[in-house]
Each structure stands twice: as structure tokens, then as C-alpha cells.
Amino acid sequence: MRPLVLAMFVSLDGFIEGPGKQLVPPAWSDDLKQHWSDHNIDRAGALLYGRVVYDVMARHWQGAAADPANPQHDFAQRMTRLPKFVFSKTLTDPAWANTTVIAHNLADEIGKLKQQDGRDLILFGGADITARLMKLNLIDEYRLMIVPVLLGGGTPLFSGGYDRRKLTLIESRTLDTGSMILSYRPEAMD
């Protein structure tokens, strides 16, 4: 059984985007590339997205994959080759290669993916799909990059509405940019 890993970056005050829905990415460095980007993709058997994040990621990574002069070209090609699943009731014709749309039966479809052989299922966002998966207790690992910025508002990563769960720290790493990667596994429920 392969795990479902939430891999997202979040501001120190708990937001994944600012008040105007602007994405605030972490500062880029070789350290971040090695311990976040490459680490996640090296472990990925498939990438999972909510619709809004999928649209942003598809635009960005398709452009980078098509441009050999782009410094992210090789990484973008790796992402493009991976199977991708987007959770959407409205998307019917995804443009990014190797994408499957999951419109219904979220728990059943995730269960089927988890039962397959292969590497991790990496959920890169967003907040709505994360909240739904947390309520269903389907996330097996929380891998968060805490970015040293205070946004003061915006979209929170954790919006509540899920059962209390105790987590065990399985890894922590401080990056040269000041960001920190924290990985937790939920403990068994009583």
C-alpha cells in the first residue's frame, strides 16, 4: 500500500496564499531543490491536485517543460511524465499530459490509488481538497515547508472540521533560505 503524502508550503502564520489569493512561494535555492522539490518528485508515483492548484501548476510546468532554456526544464519534464490526478467536478479536458480527472467518489478513488503498487501519492494542494482528505483520514504523511513570512490573512492550510489527531515527527530540516521542512505521520486512532 502506498501512502498519500500532503506536501505543501505554508507561511509561519498558517496560510498557503495571501489575502488577495496570491501565491507566496519560498525562496529558491539548491538546498530547497534537493530537499523539497527533488525529494518529493523522487518519491512520487503520482501527483494529486485540487482544481485551482492544478490550473496554476499545469500552466507553469508545461511552459517550463517546453523551454529547454528554462532552468526548471528538466524538473518540469519529470513532473509532466508522472501520472497526475485532479479532483474536479467541472474539468473535462485536462491539458497537462498524463492527467486523470476524479469527479466523484473521492474516498473510493483514493483507496484504489493507495492499493496500487508504486511510489507515494503526493498531494500538492490545495486547501479544499486537503480539508476533505483530512476529514476522511486519508492523509498518511504531512510534509510541510514552513516559509519564514507572515501573511496576516489569506487561505489557511488547516481550516478545521476534522477529528483531532496526534502526529509523530518523522523528519525535520532547516534550509539555507530559512524555511523549515517538517514531516509528520498521524498516530493510530484509538
Side-chain angles (χ1 to χ4, degrees), residues 1-17 23-26 31-54 57 79 82-87 102 104-151 153-190:
M1 185 161 162
R2 58 187 179 164
L4 174 59
V5 177
L6 172 67
M8 291 183 67
F9 52 84
V10 59
S11 67
L12 185 61
D13 53 350
F15 298 100
I16 60 171
E17 61 186 7
L23 184 63
V24 183
D31 199 32
L32 181 140
K33 180 182 182 304
Q34 176 185 356
H35 297 292
W36 179 260
S37 301
D38 288 345
H39 178 79
N40 284 314
I41 294 302
D42 289 346
R43 293 179 58 183
L47 307 177
L48 286 70
Y49 299 97
R51 169 64 188 267
V52 173
V53 174
Y54 173 83
M57 297 293 266
M79 288 189 70
L82 282 167
K84 288 167 282 302
F85 296 89
V86 59
F87 304 100
I102 296 176
H104 303 286
N105 304 319
L106 178 65
D108 292 341
E109 294 300 322
I110 292 292
K112 289 176 191 174
L113 290 172
K114 288 174 93 172
Q115 291 299 322
Q116 296 172 0
D117 290 331
R119 295 178 180 206
D120 297 355
L121 303 168
I122 305 289
L123 173 64
F124 279 132
D128 291 339
I129 193 62
T130 296
R132 289 177 59 199
L133 293 171
M134 287 178 70
K135 287 177 188 175
L136 295 168
N137 290 315
L138 291 173
I139 297 175
D140 301 299
E141 181 180 331
Y142 294 84
R143 186 178 307 137
L144 306 177
M145 182 190 305
I146 310 301
V147 180
V149 64
L150 298 171
L151 296 178
T155 304
L157 175 56
F158 301 113
S159 57
Y162 43 82
D163 293 334
R164 181 178 177 150
R165 297 289 304 267
K166 186 170 180 172
L167 305 174
T168 300
L169 180 67
I170 57 174
E171 183 180 2
S172 65
R173 176 179 300 280
T174 302
L175 302 178
D176 62 0
T177 61
S179 292
M180 181 166 224
I181 299 171
L182 302 170
S183 295
Y184 294 93
R185 278 207 186 99
E187 291 185 4
M189 294 176 45
D190 296 331

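Formation of a donor-acceptor pair under 3.5 Å by the D13 side chain with backbone atoms of L150 is not found in this model. For D140 (side chain) and L4 (main-chain N/O), a donor-acceptor pair under 3.5 Å exists by modelled atom type. At distances below 3.5 Å, at least one donor-acceptor pair connects side-chain atoms of R165 with backbone N or O atoms of E187.
When every heavy atom of R43 is checked against every heavy atom of R119, the shortest pair comes out as O-CB, 3.0 Å. R143 and S183 make their closest contact through CG-OG, 3.3 Å (heavy atoms, listed as atom of the first residue, atom of the second, distance). The minimum heavy-atom distance linking T155 with A127 is given by the pair CG2-CB, 3.7 Å. Heavy-atom minimum distance, P3 versus D120: CG-OD1, 3.2 Å. Taking all atoms of both residues into account, the shortest heavy-atom contact from P156 to F15 is N-CD2, 3.6 Å. The shortest non-hydrogen separation linking L182 to S172 is CD2-CB, 3.7 Å.
In this structure, CG on D42 lies 8.5 Å from NE2 on H39, to the nearest 0.5 angstrom. Note that OG1 of T130 is 4.5 Å distant from CG of L123, once rounded to the nearest 0.5 Å. With values rounded to the nearest 0.5 angstrom, I41 atom CD1 is found 10.5 Å from W36 atom CH2. The OG atom of S179 sits 9.0 Å away from the CD1 atom of I146 when rounded to the nearest 0.5 Å. Here CG of L175 is found 4.5 Å from CD1 of I181. Values are rounded to the nearest 0.5 Å. One finds the CG atom of L144 at 11.5 Å from the CZ atom of F9 (value rounded to the nearest 0.5 Å).
Side-chain contact check for L113 versus R2: some heavy-atom pair is nearer than 4.5 Å. S11 has its side chain out of reach of V147: every pair of non-hydrogen atoms, C-beta onward, lies at least 4.5 Å apart. Using a 4.5 Å heavy-atom threshold, the side chains of Y142 and M134 count as touching. Within the 4.5 Å cutoff, no side-chain heavy atoms of V86 are placed close to those of V53.
For K112, the side chain to side chain contact (heavy atoms under 4.5 Å, CB included) partners two or more places apart in sequence, or in a different chain, are E109. With sequence neighbours left out, D176 forms a side chain to side chain contact (heavy atoms under 4.5 Å, CB included) with S29, D31. A search for side chain to side chain contact (heavy atoms under 4.5 Å, CB included) contacts involving D128 returns nothing, not counting sequence neighbours.
By the 4.0 Å N-to-carboxylate-O rule, D38 lies close enough to K33 to be salt-bridged with it.
A 6.0 Å sphere centred on CZ of R51 holds more than 12 heavy atoms belonging to other residues, nucleotides or ligands. Counting heavy atoms of neighbouring residues, nucleotides and ligands inside a 6.0 Å radius, atom CG of D108 exceeds 12 of them.
Checking L133, L6, I122, I110 one by one against L48, the side chain to side chain contact (heavy atoms under 4.5 Å, CB included) holds for a single residue, I110.
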Inset, instruction - Please step through side-chain contact (heavy atoms from CB on, under 4.5 Å) for the pair E141 and R185, ending with a clear verdict. - result: CA-CA 5 Å; E141 181 180 331; R185 278 207 186 99; 4.1 Å; yes

Inset, instruction - Apply side-chain contact (heavy atoms from CB on, under 4.5 Å) to M145 and L32, showing your working. - result: CA-CA 10 Å; M145 182 190 305; L32 181 140; 3.5 Å; yes

Inset, instruction - Start with the C-alpha distance between R173 and M180, add both sets of side-chain angles, then the distance that settles side-chain contact (heavy atoms from CB on, under 4.5 Å), and finish with yes or no. - result: CA-CA 6 Å; R173 176 179 300 280; M180 181 166 224; over 6 Å; no

